[in-house]
Amino acid sequence: MIQKILITNRGEIAVRIIRTCREQGIKSVAVFSDVDRTAPHVLKADEAYPIGPAPSAESYLNVSRILEVMQASAADAVHPGYGFLSENAEFAETVIRAGLKWIGPSPDAIRLMGDKMAARNLAASVKAPVVPGTTEPISDIRTALETADEIGFPVLVKAAGGGGGKGMRIVSRAGDLEAAVNRARSEAVKAFSDDRIYIEKYLEEPHHIEIQVFADTQGRVISLGERECSIQRRYQKIIEETPSPFIDDQLRRKLSDTAVEITRACRYTGAGTVEFLVDKYKNYYFLEMNTRLQVEHPVTEMVIGFDLVKEQLNVAEGKPLSFPDKHLHPRGHAVECRIYAENGFNNFAPSIGKILELDFPQGPGVRLDEGVRAGQEITPYYDPLLGKLITWGQDRSEAVERMLRALQEFHVVGIETSIPYCLLIIGHESFRSGNYCTKTLEEIGSTLEEQGTSLSAEAAIAAAVGAIRRDLINTPAPAARTLERPQNSPWSMQGRKDGLR
Amino acid sequence: MIQKILITNRGEIAVRIIRTCREQGIKSVAVFSDVDRTAPHVLKADEAYPIGPAPSAESYLNVSRILEVMQASAADAVHPGYGFLSENAEFAETVIRAGLKWIGPSPDAIRLMGDKMAARNLAASVKAPVVPGTTEPISDIRTALETADEIGFPVLVKAAGGGGGKGMRIVSRAGDLEAAVNRARSEAVKAFSDDRIYIEKYLEEPHHIEIQVFADTQGRVISLGERECSIQRRYQKIIEETPSPFIDDQLRRKLSDTAVEITRACRYTGAGTVEFLVDKYKNYYFLEMNTRLQVEHPVTEMVIGFDLVKEQLNVAEGKPLSFPDKHLHPRGHAVECRIYAENGFNNFAPSIGKILELDFPQGPGVRLDEGVRAGQEITPYYDPLLGKLITWGQDRSEAVERMLRALQEFHVVGIETSIPYCLLIIGHESFRSGNYCTKTLEEIGSTLEEQGTSLSAEAAIAAAVGAIRRDLINTPAPAARTLERPQNSPWSMQGRKDGLR
Amino acid sequence: MKYLTTIGSAKLEFEVTPDTKPIGVKLLEQAVNMDCRQLSPNSFSLLIDGKSYFLTITENGGGFAVTVNQKTVDVFVQDETGILLDKFGMSDSSSDTLGKIIVPIPGLIAKLFVSPGDTIEKDQKLFILEAMKMENEFTSPVSGTLSSIHVKKGDTVNKGTLIMEITI
Amino acid sequence: MKYLTTIGSAKLEFEVTPDTKPIGVKLLEQAVNMDCRQLSPNSFSLLIDGKSYFLTITENGGGFAVTVNQKTVDVFVQDETGILLDKFGMSDSSSDTLGKIIVPIPGLIAKLFVSPGDTIEKDQKLFILEAMKMENEFTSPVSGTLSSIHVKKGDTVNKGTLIMEITI
């Protein structure tokens, strides 16, 4: 039995794991970089140890320091969360060699599926369709051009070790291919020290749909259904839901079966996600497998009613999964919005600073997995994900209306967030109707940007009256005010300009 | 179609109703007393109107002022919540006469079931068992003594219009009967201007179990299952759960059938609760029917997945209930803790003051229906319910462990709450095992009180170190400190004494 | 500098070096690896040898009400000077304030169980205060003699009103 | 006292009586029934003729950033004196500050698209700042001529650093 888990992560996923630990009577050990001393995962864990300066390379990726904490805390298992060391096969091996339980798939499975080429080959071996394209990394630009011509433009240029939009380029004309390959390669080298690049067909109105799989050490492999992840900005997911409004039962079954076969073929254990692209004709293609818990796992939890972290612990302990033998009976519909520290109306520019005021949504059908607290400084060092808001409803419409209601209840002062942006996406006809694909956000972007600062006459009056009232607080004696008015600082003018456009 | 609902209530239930309104695209109108101008229901509603000074009689019960708001806001429906005017048949009639929809049962049903005697007779008419006792109000003390002798001591002295422990007394000896009757009568007159008192059998290890019923105008009456409400202090519920760990399927069916029959017999529409006492031998007795939404309705919502306020609106609009035709398929287990502003270790003394800091629990399986915000002043004028914490789990054990985890996440500074007390109850063997009745809390009270201030050695060191650190903040130059130390004020000594015992 | 802390009947003595960062703490000659950060006016995060504690600390008369793991205890802190003053019997006695019965909430005096001159036992019922629609029974924190009552039945009293005094 | 508020291109004039409670407000000669309460340093509750608004208001240079219904707009408030000064052309011009390009976040200057002396169009790409593992493109808020660049490619810059200046 696992007694104490070291969580080699931060933010909302570390808090998420701590919560399940507490419910299971397992001690949790947090690690923190210098700027994270008072972050929620440190405050909520049973134990917490410093692991170095702010930059991830010197702290959350600092394996030797983490090994020291493993010893000091006498933890008997390691949960890596997602990102950071979660898909690092060498780290998984190190943990296992040190005699601790690794809460994740085997290092071999991580290594295999982490290599896009190998994963593609494995998928092909179980006859899973893959997107037409190169199966070997591009060696020279001439072969690249030939392949692209063969599968037809537009094509997608992708990095082997990539993910989350990093090292990815759409190319519409042969003339742009070389520059795109070079840029993707340089980004890939910087982000994951792997310069292998390949090319694949770019699909029509593609949907990004993934299947949550789970496998135990008894040999049981199960699909927990799909997640629709087509709402993406900068190639990164921002809104997810399950079930997908796009796919039907037949396709759902096909995707599930394919995902289970792939999972079985790579001798997988634990939680994993098999990602597919599905085009407008409902053709589906295996994309990649994420060998970890996914950011958006809560939407699945909401409809199936099982705690996936708890199931991860079951597998790590060699116990069978607790899902029922036959059918899972998912119930209702769940939607997730990722709350990022960023301005959706200004090219998703990250926002940093101190969170001065913070109130979260509450009430029926609302779940919040948060990684921040009031008073916390948001630094530029890590992923800007502040937390995830998940709503559940009897049907899609209830879940969606609830999401609108819950997003409105947020109150964040001090940093900009993706909340206003998510509100407009969720409220937009494309999303409401369920009729969207990975290109939708790009298409409706300018409409959303316009809506972003347009107020009703009533709300504008309220804003004006509020500002006057606020102005009166600043200057109880109004006459003296104009003379004391400070010079506009250049930076505040910058803010002003952003707000007005 | 209802367009705008006037909510004649405050606190968590007003916020709860506003949330469903918003999800349904219905405008919400709040009313507020002078001390509630910045309370959450005012901030969250679409509109809000003042209705008078702090005391309820001059505001939340001020029918003429509420009628003015009905007109000024052009609301087309009224939701009374629970308490206040919710079970006032005259008010319901007034609302209906004014041409608005009343979100509740008919005035006749309210009047009938609000009278304990009439309700008892109605229950008897459908052969529902009732607790042996007087069926007529007690006229003189001699008849009272005769009846008590007949059904056997101990007996319960109860007020006809009562509820929530008001006007209720347990009497073990004939000699105490007269005093108890007189005191109950005086409390009853004060609380609900009705001096009718009756006597009934006091049961062995009784359980307080209630059935949530719902009836539409199409004549459909349905039971939504039971809630176990036996954890009570001062005759008021503090922890509820569903399903009840005490009853079996057979008894569940009997209670449901009886509740449905009673509901049908009084020509009920909308949401109602039929309360039963069940003794250790699983004998059950009809207690009363609450003709409104119940405080603890969320536990039912969590397992059946339906929004009961939404169903209330359906009924008010003359639409059929949206529950499926055959079975409801409740899923998992739900527990609720009422978060009161009170000290559970000091006779449940109410706590008032300003909420200086406030953080709510979050994460998987947690729902919070809150009625307060940081910065709010808790006044002595109203019910001390700050909000309700509800947890859901795959099974009872998961829901219970989650409740412990969630209660631990609360952070409230400025007032005392029932959180520490709830933590100890939920953690106590009686609750964990599901082996408890309405007397349990009294029996384990002193154990809980002892645990309330006992710290582990480690936690004590932490407390001591924290206090030293806090002390250093007060007095950066330690030497000067002792001289400046203020005289102990008598009131703070009172607090000190409470803390130490 | 030495600090003596008192929690209930337990006394813990610490050797504190306040000018180092993190503040050095020694308990029973053992150095404690302690890192304490203030999160908000009343909240602190404390790491002691790796263990994480979330503390709420508010001033409470002469001491501090500290909440840890949702349990609240009163902690009294005395530094070196305070410990010395105590040894010479110079600290202020607070026994005279213990017998002053003050209501922590506003309400109505619904019932008085005692009269001036009565001998009072600890935990004996003194009076009932009606507030928030509930009857709140007040019992004596001390044993002694009731010297005075400053209210009568039916009085509405404010928070902090002195209701009666008991001579210990 | 008269107040002129500006939100984008919209201007609203109010007649305010600040010394009454609730503060009297008139818009287009119509009295507005207005009750505004501060909830926290940056949050306000406003009731206007019964309608309830929850506002977040922070200072933003010369004006206020007001969030209502999760939409943020900049509101500039001028009182009577300010309006008069404007009429006589005496208010401070801020056009010289508009051309100062400052970064709101720390990061690495990954690419510079322009050189001193270039003619710059509004919305033209100026440079790329790498922060939070993302490339952030900065465009020009104004049209003009690039007078100076204060950084070079590869520089790590702090929040608030002046990157370049454009003469309008």
Side-chain angles (χ1 to χ4, degrees), chain B residues 166 187 191 234 347-352 356-357 380-384 407-408 410-411 413 416 419-420 423 452-456 458-475 478-479 481-483 485-497 499-501, chain C residues 1 3 5 7-8 10 12 14 16 18 23 25 27 32 34 36 38 40-44 46 48 51 53 55-58 60-66 68-75 77 79 81-82 85 92 94 97-98 100 102 104-107 131-134 136-137 141 159-160 162:
Chain B
K166 279 163 209 150
E187 270 186 46
R234 287 187 158 190
N347 250 317
F348 309 98
S351 175
I352 58 172
L356 300 172
E357 297 183 14
Y381 298 106
Y382 315 111
D383 188 279
L407 284 168
Q408 285 280 5
F410 258 111
H411 170 55
V413 181
E416 290 174 308
I419 295 161
L423 255 174
T453 49
S454 76
L455 286 186
S456 68
E458 277 190 343
I461 291 170
V465 169
I468 291 173
R469 172 63 202 272
R470 181 71 183 71
D471 197 66
L472 285 169
I473 294 172
N474 279 11
T475 50
R481 182 186 161 280
T482 326
L483 304 172
R485 184 191 284 177
Q487 276 282 109
N488 290 331
S489 76
W491 167 225
S492 59
M493 284 312 299
Q494 181 83 4
R496 182 153 120 181
K497 172 231 132 210
L500 285 174
R501 76 171 179 192
Chain C
M1 156 137 335
Y3 279 87
T5 59
I7 303 175
L12 288 168
F14 295 86
V16 178
I23 296 164
V25 172
L27 172 66
V32 179
M34 198 270 284
C36 187
Q38 185 162 18
S40 68
N42 304 292
S43 308
F44 293 79
L46 184 59
I48 301 182
K51 293 239 163 59
Y53 297 92
L55 304 176
T56 303
I57 310 179
T58 53
N60 189 5
F64 300 98
V66 182
V68 52
N69 301 338
Q70 299 286 1
K71 288 182 179 181
T72 304
V73 290
D74 286 81
V75 185
V77 178
D79 57 25
T81 334
L85 285 175
D92 53 352
S94 51
T97 62
L98 265 175
K100 289 194 203 294
I102 280 159
I105 48 170
M132 281 175 166
K133 315 247 159 208
M134 299 295 280
N136 303 284
E137 212 168 69
K159 173 177 168 171
L162 176 65

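In what follows, chains carry the letters A, B, and so on, assigned in the order in which the sequence lines appear, proteins first and then strands, with residues in each chain numbered from 1.
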Asker: What are the two closest heavy atoms between Val73(C) and Ala463(B), and how far apart are they?
Answerer: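 So the two residues come closest at CG2-CB, 4.2 Å.
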Asker: Under the salt bridge (Lys or Arg N to Asp or Glu O under 4.0 Å) rule, collect the residues that match up with Lys71(C), sequence neighbours excluded.
Answerer: none
Asker: At what distance, to the nearest 0.5 angstrom, does OG1 of Thr58(C) lie from CD of Glu357(B)?
Answerer: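 These two atoms lie 10.0 Å from each other.
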Asker: List in chain and number order the residues that pass ring pair (Phe, Tyr, Trp, His ring centres under 6.0 Å) with Phe348(B), two or more places apart in sequence or in another chain; answer none if no residue qualifies.
Answerer: Tyr421(B)
Asker: Ignoring hydrogens and angles, tell me if any N or O in the side chain of Arg470(B) forms a donor-acceptor pair with the backbone of Phe64(C) under 3.5 Å.
Answerer: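 Side chain of Arg470(B) to backbone of Phe64(C), a donor-acceptor pair under 3.5 Å: no, none is there.
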Asker: Under 4.5 Å heavy-atom distance to chain B, tell me which part of Ile57(C) shows up: side chain, backbone, both or neither.
Answerer: both
Asker: Looking at Asn42(C), Val68(C), Leu162(C), which makes the most heavy-atom pairs under 4.5 Å with chain B?
Answerer: Asn42(C)
Asker: Would you check, one step at a time, whether the test side-chain contact (heavy atoms from CB on, under 4.5 Å) holds for Val465(B) with Tyr53(C)?
Answerer: CA-CA 11 Å; Val465(B) 169; Tyr53(C) 297 92; over 6 Å; no
Asker: Quick one: of Gly466(B), Ser456(B), Ala349(B), who has the most non-hydrogen atom pairs under 4.5 Å with chain C?
Answerer: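 Of Gly466(B), Ser456(B), Ala349(B), Gly466(B) has the most heavy-atom pairs under 4.5 Å with chain C.
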Asker: Testing the basics here: between Ala467(B) and Val66(C), what is the closest heavy-atom pair and its distance to 0.1 Å?
Answerer: CB-CG2, 4.2 Å
Asker: Which value, rounded to the nearest 0.5 Å, describes the distance between Met34(C) atom CE and Ile468(B) atom CD1?
Answerer: 7.5 Å
Asker: Roughly how far, to the nearest 0.5 Å, is CG of Asn69(C) from CG of Leu423(B)?
Answerer: 9.5 Å
Asker: Can you tell me how far apart CD (Glu416(B)) and OG1 (Thr72(C)) are? Round to the nearest 0.5 Å.
Answerer: 7.5 Å
Asker: Calculate, to the nearest 0.5 Å, the distance between atoms CG and SG belonging to Leu472(B) and Cys36(C) respectively.
Answerer: 9.5 Å
Asker: Measure across Ala460(B) and Ile7(C) and return the closest heavy-atom pair with its distance rounded to 0.1 Å.
Answerer: O-CD1, 3.5 Å
Asker: If you look at every heavy atom in Ala462(B) and Leu55(C), which pair is closest and at what distance?
Answerer: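 Looking at all heavy atoms of both residues, the shortest contact is O-CD1, 3.6 Å.
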Asker: Are the side chains of Gln70(C) and Leu407(B) in touch, meaning some heavy atoms are under 4.5 Å apart?
Answerer: no
